[in-house]
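Some notes on the structure that comes next.
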Amino acid sequence: MSTSIMPGERPDRLEEECAVFGVYAPGEDVARMTCYGLQALQHRGQESAGIAVGDGETVMVAKDLGLVTQVFDEAALAALEGHVAVGHVRYSTSGGKASWEAAQPHISAIDDELIALAHNGTLVNTTKIRTQLISEGVQLRAGTDSEVAAKAIGHVTQQTHHLRDGIGFAMENLRGAYAMVLASSTTLYAFRDPHGIRPLCIGELPDGRGWVVSSETCGLDIVGAKYVRDVAPGEVVRFSEDGVTSEQAVPALEPAACIFEYVYFARPDSVLDGQSVYQSRRAMGRILSQEAPVDADLVLGVPDSGVPAALGYAEASGIAYTDGIVKNRYVGRTFIQPTQAMRQLGIRLKLNPLPSVIAGKRLVVIDDSIVRGNTSKKLVQMLRDAGATEVHLRIVSPEVLWPCFYGIDTDTRDQLIAANMTHDEMNAWIGSDSLAFISIEGLRKAVSGARHPGFCEACFTGTYPVDIPPEVAKTSFLTRKEQEAQKE
């Protein structure tokens, strides 16, 4: 059995592209507030961070590679004075490389004025718009779809002299997933794609001091803002000295919020579309215990996202829960990579087992997903080395069979272990005693308390709410066996 479908240097997790944050609050320290918001959203992207501030006259931006606390210090924040701000943390998708040019917010010029845009998601049809912009003299440096959106908005606004026209052009013509915040020198805008694939919510600061927009409610919590509502699919919301105005810029389409937000991406203390992420994960564990029971001594959760589900599994199964895996919480997406020699020594950057807890025990190990399989394989071996007699993997998402084109780091089907191996082959290659995934019906039931009736489940089902261009799908949808067959 070949194991070459899992490239060794690719992250063995589904990774979110980014998070956005926006503030309109005259008289407040909006740069510092945005910095706090981005720290709360740091889990969504760790490659770069940026903040842009409007002061009534112009827009200033500061951004760089690294974590929020690496990019911003007291001096950097003090230089960003104003009353409106947008911020961004980024993780590049589809194997993209981290670069200063790709860091957001992106700046676009409208005559002598500037706008700054931050984008969470991925667009699937920017090639045509990029070509048109270049032909009309617009310079593009970053090569990202987010930059195309920012430049398109600025270019159209420059022609019509109405920023709303530029935003409308983007919402009418760009396809894919987008939750965007945009700052001019005076005004904050927030808008979301017509399917609502990526999350975006609105909060109000105490005593009417201003408004906050965030990818998750945990970003509102950290600055003391009270959750008001989510930005509706296809809606654009404007925050200015005239107050808050809302417009349905494009018709809302069939709801397709990313269901993986509940499984892994969102922080457990966030609320998405009225549903607690933490309670959803507890429900996933309870349902999985009913669908895939096992005779064992202990239930362990893989930190962090697997822990609430493990508690639910233990609760429903009657098997004791224990903290048997310790996570190093100070290791993020570090720029200091281990050498090959260190890898061969089995360096454990993020997870370490507790032999005194698990030695001689039969374990049920709860994790959020299996993507390429490398991490699961190492985890099982690590637990066996620590003395576990049996390791039964239980996964609270269905098999990831299809790539995502809406802001998650899987770009070809041949990277996905479940698309290239049978269930028994996966179990044998990973080395677990048994392997089971929650059903798609079980996952839907776990998040059925959400108010919207539909989710994007494309990574499980292959049904995409936004059509994928044929030139992209042609190669991305092929498994390793199908690619080899084409070569023959």
Side-chain angles (χ1 to χ4, degrees), residues 6 11-14 260 262-264 268 278 280-329 331 346 348-400 416-418 421 423-439 442-443 446:
M6 284 72 70
D12 192 21
R13 311 291 293 180
L14 290 179
F260 231 106
Y262 295 90
V263 174
Y264 173 61
Y278 177 83
S280 294
R281 290 176 183 167
R282 288 286 291 253
M284 292 172 203
R286 290 193 296 267
I287 292 170
L288 185 56
S289 75
Q290 298 166 2
E291 294 184 344
V294 64
D295 186 17
D297 302 310
L298 296 173
V299 177
L300 281 64
V302 179
D304 287 312
S305 54
V307 172
L311 290 169
Y313 193 103
E315 175 188 7
S317 66
I319 304 172
Y321 170 83
T322 188
D323 292 318
I325 303 173
V326 176
K327 180 179 180 180
N328 180 357
R329 303 186 186 281
V331 175
R348 296 170 179 171
L349 285 177
K350 293 187 178 182
L351 301 175
N352 204 33
L354 291 170
S356 62
V357 173
I358 64 180
K361 303 295 184 180
R362 300 169 299 166
L363 307 179
V364 183
V365 180
I366 311 297
D367 204 356
D368 53 72
S369 61
I370 295 179
V371 182
R372 298 171 181 88
N374 293 322
T375 297
S376 299
K377 185 180 180 71
K378 293 175 182 177
L379 174 65
V380 169
Q381 187 58 53
M382 183 174 68
L383 293 171
R384 292 198 188 283
D385 291 343
T389 58
E390 296 179 13
V391 180
H392 301 272
L393 276 184
R394 295 295 180 267
I395 310 300
V396 292
S397 67
E399 294 91 329
V400 178
L416 307 174
I417 185 173
M421 291 185 184
H423 187 279
D424 289 342
E425 287 173 337
M426 280 191 290
N427 187 48
W429 188 81
I430 291 170
S432 45
D433 290 281
S434 70
L435 170 65
F437 299 80
I438 197 171
S439 67
L443 180 58

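Computed from heavy atoms alone, side chains included, the values below leave out hydrogens, waters and symmetry copies.
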Got Leu351 and Thr375 here, is their nearest side-chain heavy-atom distance under 4.5 Å? no

Considering non-hydrogen atoms only, spot the tightest contact between Ser289 and Ala316 and give its length. OG-CB, 3.0 Å

Quick one: closest heavy-atom pair of Pro308 and Ser305, and the distance? CD-O, 3.5 Å

Nearest heavy-atom contact between Val307 and Gly301 is CG2-O, 4.1 Å

When rounded to the nearest 0.5 angstrom, what distance separates CG in Asp323 from CD1 in Ile358? 12.0 Å

Can you tell me how far the CZ atom of Arg282 sits from the OH atom of Tyr313, to the nearest 0.5 Å? 15.0 Å

Pairs involving residues 292-310, ordered by first then second residue, that meet salt bridge (charged side-chain N to carboxylate O under 4.0 Å, His left out) (sequence neighbours left out): Asp295-Arg362, Asp297-Arg362, Asp304-Lys327, Asp304-Arg329

Please find the pair of heavy atoms, one from Phe437 and one from Ser397, that lie closest to each other, and give the distance. CD2-O, 3.4 Å

Atom CD1 of Ile417 and atom CD1 of Ile430: how far apart are they, to the nearest 0.5 Å? 4.5 Å

Closest approach of Ser439 and Gly442, non-hydrogen atoms and distance? OG-N, 2.8 Å

Taking Asp367's backbone N and O only, do any of them form a donor-acceptor pair with Arg394's side chain (distance below 3.5 Å, no angle check)? no

Do the side chains of Asn328 and Asn352 get nearer than 4.5 Å, heavy atoms only? no

Which one of Ile438, Val396, Leu443 satisfies the side-chain contact (heavy atoms from CB on, under 4.5 Å) criterion with Ile287? Ile438

Would you give the length of the straight line joining atom OG of Ser317 to atom CG of Leu288, rounded to the nearest 0.5 angstrom? 10.0 Å

Quick one: does Arg281's side chain have a donor or acceptor within less than 3.5 Å of a partner on Tyr264's backbone? yes

Side-chain donor or acceptor of Lys377 paired with backbone N/O of Trp429 under 3.5 Å: yes

Can you confirm whether Pro303 sits close enough to Ile325 that some side-chain heavy atom of one is under 4.5 Å from a side-chain heavy atom of the other? yes

Is any side-chain heavy atom of Leu435 closer than 4.5 Å to one of Ile370? yes

Measure the spacing between CZ of Arg286 and CG of Leu311 and express it to the nearest 0.5 Å. 10.5 Å

At what distance, to the nearest 0.5 angstrom, does CG of Leu416 lie from CZ of Arg372? 7.0 Å

Give me each pair satisfying salt bridge (charged side-chain N to carboxylate O under 4.0 Å, His left out) with a member in residues 381-393, each pair once, sequence neighbours excluded. Arg384-Asp433

Do Val302 and Ile366 make a side-chain contact, defined as non-hydrogen atoms from C-beta onward lying under 4.5 Å apart? no

Taking all non-hydrogen atoms of both residues into account, name the closest pair between Ala314 and Ala320 and its distance. CB-C, 4.4 Å

